[in-house]
Amino acid sequence: MLTTRFAPSPTGLLHLGTAFAALTALQRAREAGGRFLLRIEDIDQSRCRPEYTDAIIEDLTWLGLDWAGEIRRQSEHLAEYQSSLQRLRPLLYPCFCTRSDIAAAGSAPHGPDGPIYPGTCRTLSAAARAERLNAGTPYALRLDMAQANVPGLTFEEEGEGTITCTPEMFGDVVLARKDTPASYHLCVTHDDAAQGVTVVTRGEDLKPATHLHRLLQHLLGWPAPRYAHHRLLTANGQRLAKRDRSTTLRALREAGHTPDDVIRMTGSPP
Ligand code: GLU
């Protein structure tokens, strides 16, 4: 069955832009007689707050959205992400570099997640690696992109067709950190597979990430969903942001707007 999802991170209140993402996923499922799921991407404990999860659920309910089945909360699935990481283990290496070590290594070209890692820890000797691990030095796990990449992988973008993946633009991407045991990239691909998502609708800012997600799906033997990246809503030429309170559903609701008004403001069909 065609299955879509809305996967907000509870780092702030829903605003018109995130409501548009939710409505897009819901409508895509409705048109096809499919399922619409809700997933809370609360893996990054330093940025996510439970009160925002509650607020997101309340605001979506107020807006009249209903999702199939249980809400999936990433923070409740850490053991699953660990097992996916374990399966990738031969392609991962521990990286002990701090942000300032990476900055000090000189100017590196930028990828979608920031500067491309210069590879310092990829070539550490086994002895140096063991010494740091034994000393309890914190580390991240990076994907050895040169080993992992599978040239010629593609994904299907609705309205555009087949796109050839270039995950190498991320360099040796971080898949786990000391404080975030599995990265967004790992969790999102894991969850889309675990939840049986067949069409991923999300903002076009995440389109570059799809190149990497497709590679992870391939390496982990998961099916490839179709993708439909949508435009981002803007106000005065600026992308809507969580920090701008005036477009939050809370503020609009307090100002007397109805759910239908909000749906109209996003430009979504009623
Ligand atoms: N959690 C992500 C966000 O709030 C969206 C992830 C996705 O749709 O793949 O930006």
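Note that ligands are numbered from 1 as they come in the structure, with each ligand's atoms numbered from 1 the same way. We're numbering straight along the sequence, starting at 1. Note that this is a predicted model, so its numbers are computed, not measured.
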Go through ligand 1 atom by atom and flag the ones less than 4.0 Å from a non-hydrogen atom of [X].
| X | answer |
| --- | --- |
| E41 | 1 (N), 2 (C), 5 (C), 6 (C) |
| V188 | 9 (O) |
| R5 | 7 (C), 8 (O), 9 (O) |

* Got a sec: does the CZ of R47 have more than 12 other heavy atoms crowding it under 6.0 Å? ->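 Counting other residues, nucleotides and ligands, CZ of R47 stays at 12 neighbours or fewer.
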* Of all the heavy atoms in Y184, does at least one lie under 4.0 Å from an atom in ligand 1? ->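 Right, Y184 reaches ligand 1.
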Using distance alone, decide if ligand 1 has a nitrogen or oxygen within less than 3.5 Å of any nitrogen or oxygen in [X].
| X | answer |
| --- | --- |
| A7 | yes |
| S9 | yes |
| T201 | no |

* Should one rank H213, H229, R202, H185 by closest heavy-atom distance to atom 9 (O) of ligand 1, which comes out on top? ->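 The residue whose heavy atom sits nearest atom 9 (O) of ligand 1 is R202.
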* Asked: Just how far is it from atom CG of L26 to atom CZ of R35, taken to the nearest 0.5 Å?
  ->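 Between L26 CG and R35 CZ, I get 13.5 Å after rounding to 0.5 Å.
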* T198 OG1 to R226 CZ distance, which is reported to the nearest 0.5 Å ->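 So the OG1 of T198 and the CZ of R226 are separated by 9.0 Å.
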* Partners meeting salt bridge (charged side-chain N to carboxylate O under 4.0 Å, His left out) with R250 (sequence neighbours left out) ->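 Testing R250 for salt bridge (charged side-chain N to carboxylate O under 4.0 Å, His left out), a comparison that skips the adjacent residues, returns E58, D59.
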* **Under the side-chain contact (heavy atoms from CB on, under 4.5 Å) test, residues paired with Q82 that sit two or more places apart** =>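 Result, side-chain contact (heavy atoms from CB on, under 4.5 Å) vs Q82: L85, P181.
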* Answer whether the closest heavy-atom distance between the side chains of R30 and F36 falls below 4.5 Å. =>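 Contact flag for R30/F36 side chains = no.
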